[in-house]
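Just so you know, residue 1 is the first one in the sequence shown, and it goes up from there. For the numbers below, each heavy atom of this structure counts, side chains included, while hydrogens, waters and symmetry mates do not.
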Amino acid sequence: MGVLTEIIPPDYPTYFFFEKGDWIDYLAFVLVVAGLAVTAWLIQRYNWAVILFFLVAPILLTIFWWPYSTEGTTTAGWFPVVKHYSALIGSLSLVALQLFPKLRKNYWYLCLPPILLAVNILEAVVRDFQCFWVEGADPNQGGMINWGGSWNIMNGIAGILNLLAISGWVGIFVAKGKSRAIIWPDLTLAWIVAYDLWNFAFVYNCISDHAWYSGLALLASCTIPVMFRFARGSWIQYRAYTLTLWTAFALTFPTFTNGTIFEHRSSHNPTALFLVSFASLVVNAGVIVWHVYRIKRYQRNPFTQEVYAGTKESEELARLWSEPKGREKKGMERKVRKVL
């Protein structure tokens with residue numbers, strides 16, 4: 001175990017990464033992306049959506065459905081449950097920032113988003129390393145087919161590098177206007193791309209036959225919106241909300257990705273597994289090198305300051321969302337240093 005002998009090829013036609021599938025798989029992909037993105041947009045803006053999706057639905061499902069829904073399916077095991085509740089806690093912590101302005105000036109509360117993000121990444125890193133020892137059907141995950149190999153180690157290291165590049169939470173602010181967008185300038189586009197590569201590689205390695213939806217579609221639902229003006233800079237909110245929604249959906253309908261007409265399985269191609277994790281490791285290594293360079297070059301403390309303050313990307317977000325500037329921002333940094 002842990003040293004791959006031979007991957008048994010699947011008995012269905014494949015492309016490089018996934019099976020060929022039917023048209024309905026591709027339609028379902030688009031609907032999942034759109035549904036998650038639109039629902040996250042509603043939750044960002046309206047309290048009724050927060051109450052419905054983050055309070056009423058989870059409480060009812062936790063009591064009446066989730067304890068029984070995943071038994072014997074490929075969504076069984078500790079990871080999907082832990083992932084959902086950690087994502088839900090993270091989402092509610094962001095909602096609180098929108099509703100209670102005093103929290104935005106509390107350094108210790110602003111530590112919650114990076115801590116929860118880091119824990120979320122660390123959960124997956126642990127699972128990646130754990131899957132190094134899995135070859136074939138995993139009895140702890142309802143018989144999910146996984147093939148452990150060097151890709152698990154590479155991507156586990158990439159996740160740790162991505163975690164270490166989290167910074168600048170002191171600069172988190174809530175946009176003015178109806179959007180209520182939570183802006184975190186230090187989560188740069190480069191960091192987001194590195195995260196997406198790492199997270200897709202993780203799902204592809206460890207939840208292989210769920211990767212079409214739980215990897216590709218889920219990441220598209222939080223990354224595509226932030227490419228447009230209405231959501232720029234609020235990736236953390238879209239990521240937390242779409243992840244919470246999708247994990248709830250997966251626990252509620254655990255056979256959607258395996259066992260229905262919408263199923264779209266992995267190709268279980270060792271070359272694909274290796275290349276995805278290799279790309280994840282290379283990109284995340286590049287991001288951490290640049291991150292360390294900026295810390296040293298500009299003498300920035302990632303725990304009390306924004307590492308990427310003054311960059312074109314950061315200044316654009318400030319102009320777009322009316323970020324607190326000048327004396328107000330410097331005052332916040334002085335307050336943080338005093339607290340620490």
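- Residue I8 qualifies as open at atom CD1: its count of foreign heavy atoms under 6.0 Å is 12 or below.
- For the pair K20 and Y15, the cation-pi test (distance below 6.0 Å, angle within 45°) is passed.
- With hydrogens and angles disregarded, a donor-acceptor distance shorter than 3.5 Å links the side chain of S267 to the backbone of F17.
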Exercise answer: donor-acceptor pairs, residues 173-180 side-chain atoms, under 3.5 Å, sequence neighbours excluded:
from, atom 1, to, atom 2, distance (Å)
S179, OG, A181, N, 3.2
R180, NE, Q44, O, 3.0
R180, NH1, N47, OD1, 2.9
R180, NH2, Q44, O, 3.4
R180, NH2, N47, OD1, 3.3

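- Through direct or indirect side-chain contacts shorter than 4.5 Å among Ile, Leu, Val, Met, Phe, Trp and Tyr, I115 is connected to V119.
- A donor-acceptor pair is defined here as one N or O able to donate and one able to accept, closer than 3.5 Å; such a pair exists between the side chain of T244 and the backbone of A87.
- Within the 4.5 Å cutoff, no side-chain heavy atoms of N152 are placed close to those of W133.
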If you apply the rule side chain to side chain donor-acceptor pair (under 3.5 Å), what do you find for T255 with T260, and how did you get there?
CA-CA 7 Å; T255 59; T260 69; over 6 Å; no
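- W151 and P270 make their closest contact through CZ3-O, 3.8 Å (heavy atoms, listed as atom of the first residue, atom of the second, distance).
- For the pair L94 and P113, the tightest heavy-atom approach, listed with the atom from each and the gap, is CD2-CG, 4.2 Å.
- Considering all non-hydrogen atoms of both residues, T242 and A37 come closest at CG2-N, 4.4 Å.
- Minimum interatomic distance between A165 and H291 (heavy atoms only, all atoms of both residues): O-CE1, 3.5 Å.
- With rounding to the nearest 0.5 angstrom, the OG atom of S208 is 4.0 Å from the CG atom of N146.
- Distance check, rounded to the nearest 0.5 Å: CG of N269 to CG of L275 gives 8.5 Å.
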Is there a ring pair (Phe, Tyr, Trp, His ring centres under 6.0 Å) between W191 and W198? Walk through the geometry before answering.
CA-CA 10 Å; W191 186 91; W198 161 75; 9.0 Å; no
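- Taking the ring axis of F202 as reference, the NZ or CZ atom of R127 does not stay both within 45° of it and closer than 6.0 Å to the ring centre.
- In this structure, N162 and V287 have side chains that are not in contact, with every pair of non-hydrogen atoms separated by 4.5 Å or more.
- For the 3.5 Å distance criterion, the side chains of T252 and W66 qualify, holding a donor opposite an acceptor.
- Heavy-atom neighbours of F228 CZ from other residues, nucleotides or ligands within 6.0 Å: at or below the threshold of 12.
- Each of I24, D22, L27 was evaluated against F262; a single residue qualifies, I24, per the side-chain contact (heavy atoms from CB on, under 4.5 Å) test.
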Please report the C-alpha distance between D25 and E263 in whole Å, then the side-chain angles of each, then the deciding distance to 0.1 Å, and finally whether the side-chain contact (heavy atoms from CB on, under 4.5 Å) criterion is met.
CA-CA 7 Å; D25 306 354; E263 182 178 60; over 6 Å; no
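- Under the side chain to side chain contact (heavy atoms under 4.5 Å, CB included) criterion, A118 pairs with L163, I166, not counting sequence neighbours.
- Cluster annotation: Y298 and F303 are assigned to distinct hydrophobic clusters (Ile/Leu/Val/Met/Phe/Trp/Tyr, side-chain heavy-atom contacts under 4.5 Å, transitive).
- For the pair D196/V193, no side-chain contact is recorded, criterion being any heavy-atom separation below 4.5 Å from C-beta on.
- Nearest heavy-atom pair, Y238 versus A231, reported as atom, atom and distance to 0.1 Å: CE1-CB, 3.6 Å.
- At least one donor-acceptor pair closer than 3.5 Å links the side chain of N205 to the backbone N or O of A201.
- Looking at L88 and P58, their side chains come closer than 4.5 Å, going by heavy atoms from C-beta outward.
- In this structure a side-chain-to-backbone donor-acceptor pair under 3.5 Å is missing from R104 to I172.
- Proximity of a side-chain donor or acceptor of Y109 to a complementary backbone N or O of S93 within less than 3.5 Å is detected.
- Aromatic pair F54/Y241: centroids less than 6.0 angstrom apart.
- The backbone N or O of G168 lies less than 3.5 Å from no partner atom in the side chain of E306, so there is not a single donor-acceptor pair.
- K83 and E123 are joined by a salt bridge, as a carboxylate oxygen and a charged side-chain nitrogen come within less than 4.0 angstrom of each other.
- Nearest heavy-atom pair across I236 and L117 is CD1-CD2, 4.3 Å.
- Note: the hydrophobic cluster containing V95 also contains W48 (ILVMFWY, side chain heavy atoms under 4.5 Å, direct or indirect links).
- Grouped by direct or indirect side-chain proximity (heavy atoms under 4.5 Å, Ile/Leu/Val/Met/Phe/Trp/Tyr only), I295 sits with W290, Y293, V307, Y308.
- The neighbour count for F278 CZ, taken as heavy atoms of other residues, nucleotides or ligands under 6.0 Å away, does not exceed 12.
- Side-chain contact between R232 and V226 is absent, with no heavy atoms from C-beta onward closer than 4.5 Å.
- Note that CD1 of I160 and CG of N284 are 11.0 Å apart. Values are rounded to the nearest 0.5 Å.
- In this structure F18 satisfies the side chain to side chain contact (heavy atoms under 4.5 Å, CB included) test together with F200, Y204, A211, W212, L216, H264, sequence neighbours excluded.
- Transitive grouping of hydrophobic side chains (ILVMFWY, heavy atoms separated by less than 4.5 Å) keeps V126 and V82 in distinct clusters.
- Not a single donor-acceptor pair under 3.5 Å links the side chain of S234 to the backbone N or O of Q237.
- In the hydrophobic clustering of ILVMFWY residues, with side-chain heavy atoms under 4.5 Å counting as a link, Y68 and F256 come out apart.
- For the 3.5 Å distance criterion, the side chains of D209 and S266 fail to qualify, holding no donor opposite an acceptor.
- Inter-residue side-chain proximity for L110 and L97 is flagged as met; some heavy-atom pair is nearer than 4.5 Å.
- A donor-acceptor contact shorter than 3.5 Å links the side chain of S221 to the backbone of L218.
- Applying the ring-ring contact (aromatic ring centres under 6.0 Å, His included) criterion to W246, with sequence neighbours excluded, gives F249.
- With hydrogens and angles left out, the side-chain atoms of Y85 and T62 include a donor and acceptor closer than 3.5 Å.
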